[in-house]
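Numbering of residues begins at 1 and proceeds along the displayed sequence. Counting starts at 1 for both ligands and their atoms, following the listed order.
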Amino acid sequence: MSLDPTLRQRLHYLATVLYWLNLVFVPMALMAPAIAWVAEKRPLPLLRWIAAAAAVLPFDTSVSVMAATPPAGKQAPGWYRYKIGSIEITVATDGVARFKMAEDHVTNIKLDTVNAALAEVFMEKDMMTTPYNPIAINTGSKLAVIDTGTGESNFKKSAGVGGQFVTNLTAAGIDRGAVDTVIISHYHGDHINGLLMDDNSLTYPNAEILVPTIEHAFWMGDGEMNRASPGRMQTNFKNVRRVFNSEVMKRVKTYEWDKEVIPGVTAKGTPGHTPGHTSFVIASGPDSVYVQSDVTHVPFLFVRHPDWHAFYDQDGAKAEATRRMVYEMLVVEKLRVQGFHYPFPSLAHVEKYGTGYREIPVIWDPSI
Ligand SMILES: [Zn+2]
């Protein structure tokens, strides 16, 4: 390669300058401590100046010009927005619960097998992480929420780990006072407790509360309550009666399966988890999403293994039959699913996998 003479001359000049600079500054940097020491002993202004200049040379790594930023120590607000046709959906997470798994958490499967499934998805063994993800729906004429999360009292009790739905709605620009409809899928505490604030006032004071007819009849029927087995079922009945106080009851209206609850949102009977457990199809134009409520609990256990019965499935066999029917339909129709207990933002596609199914979470979309 031949260089043009002018360029060669310039490079030669540059090399010479760098050579002389090195000859002066490198020894100066190396001598900085000695110069500083001499300057201390013999306070000559010139030496002090040289010592100060040497101290800030790039060779001296002891000088930092960057200020340290303290760690934030908290998570960002959890909400995610997408559209189905002209309907805007906001997933606002209620947070999670983490607890040690009981031996019979999955009633028909040994804990060792459950732990192996947890290991497959890099989850800690013996520990259950349950996400809660209710949604808000803006249809243009209605501002509704489907399910309410665990409520403000849990926000306080869990130091903000759970019960975040309202704070995340607010972060997403949705005022709880502006919500005109609350749609309930079923009467378990993680879906209804958020109807009340910590002081038992209404979380959504301006909303109608739409509930499934069969679910309401089951939990509010005294006969069923009297027949309930001690332990979890009786506790659930007591909780339902606590939440559905007189102020809530004034606003309750029942809805039927296979009918529109509000325009664009159709109720689908998916019993088993509870007798009146309900899912929803949200549709607008050619677009739709299946809001499965608790057809499965966490997908990494119960979508992968639809035959596993969680202890909170009131009728395990019926819940399994429903699960299989719904997931076959989701696969055939290539319908996205919004799952209350899926990891946030809990929106996924579904495909067949092994002896069950698996969820493929949607890719985060910066536009809606
Ligand atoms: Zn649930």
* **Distance below 2.8 Å from the Zn ion (ligand 1): protein N/O/S atoms** => Asp190 OD2, His191 NE2, Asp294 OD2, His341 NE2

* Taking atom types as modelled, is there a side-chain donor on Thr270 or His277 under 3.5 Å from an acceptor on the other? -> yes

* Check the angle between the aromatic planes of His188 and His273 and answer parallel, tilted or perpendicular using the 30° and 60° thresholds. => perpendicular

* Is it the case that Glu359 and Tyr327 place a side-chain donor and acceptor less than 3.5 Å from each other? -> no

* Asked: Tell me, which pairs form a side chain to side chain donor-acceptor pair (under 3.5 Å) where one or both residues lie in residues 171-185, sequence neighbours left out?
  -> Asp147-Ser185

* Give me the ring orientation class for Trp308 and His305: parallel if the planes are under 30° apart, tilted from 30 to 60°, perpendicular past 60°. => parallel

* Asked: Is a donor on one side and an acceptor on the other found under 3.5 Å between the side chain of Thr139 and the backbone of Ile87?
  -> no

